[in-house]
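The sequence lines fix the lettering, A, B, ..., with proteins before strands; numbering per chain opens at 1.
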Amino acid sequence: MNLFRLAGDVSHLLAIIILLLKIWRTRSCAGISGKSQILFALVFTTRYLDLLTTFISFYNTTMKVIYIGCSYATVWMIYAKFKATYDSNHDTFRMEFLVIPIAALSLLVNHDFAPLEILWTFSIYLESVAILPQLFMVSKTGEAETITSHYLFALGLYRALYLMNWIWRFFAEGFFDLIAIVAGLVQTILYCDFFYLYITKVLKGKKLSLPA
Amino acid sequence: DAIHTKHDEL
């Protein structure tokens, strides 16, 4: 565990909690893509199946359980508890366009052709693009609430910090995992445009809105 | 080995 990874995990946790609190306190999931949240729930479920087979550490187990629990709670709030506020007309990204090709890719490019390993690989590939329905929704409506922008920033920052962690681990331990690194790079690049808008607009007190 | 060490990350 190095500082980059710890900061990455904290940033990830913060993102998840910001989103949960935003929905809970405003009693509304307006502007939030339920499809991205379903994809994240799928990411955590397929990645953390090793909870059942391997114990790594108390920290590891706790964080995995929190991530899974929070992601299902978020999906439940969007599709059940606060369903009336869910903006489904703007959440039109087709999930199968991501899930099917990624399932095929994880069968073809993986470290080991074993069920848990393929599911882990699937989760890594899927996570890299799971935010697309949310970004698509923001670009479709042309704006995002400030709190939603904070969520997206924390979520993007998490993978950028993991990239730093992998650079650190490569030099400190000679460890690298090409699948995670390439997918992490793709994931971080997808957020770059958003990072630019966040820094130039949201941090200056303006709402995130896209030029018409 | 690489396959097992990577699962220590979240």
**OP:** Check whether more than 12 heavy atoms from other residues, nucleotides or ligands sit under 6.0 Å from atom CZ of A:Phe171, and answer yes or no.
**Re:** no
**OP:** Taking atom OH of A:Tyr59 as the centre, report whether more than 12 heavy atoms of other residues, nucleotides or ligands fall under 6.0 Å from it.
**Re:** yes
**OP:** State whether the number of non-hydrogen atoms from other residues, nucleotides or ligands found under 6.0 Å of A:Leu3 atom CG is greater than 12.
**Re:** no
**OP:** Look at B:Glu9 together with A:Arg169 and state whether they make a salt bridge at an N to O cut-off of under 4.0 Å.
**Re:** yes
**OP:** Identify the heavy atoms of B:Leu10 and A:Tyr48 that sit nearest to each other, and give their distance.
**Re:** O-OH, 2.9 Å
Original post:
Between A:Asn60 and B:Asp8, which heavy-atom pair has the shortest distance, and what is it?
Top reply: ND2-O, 3.0 Å
Original post:
Does CE belonging to A:Met95 count more than 12 external heavy atoms closer than 6.0 Å?
Top reply: yes
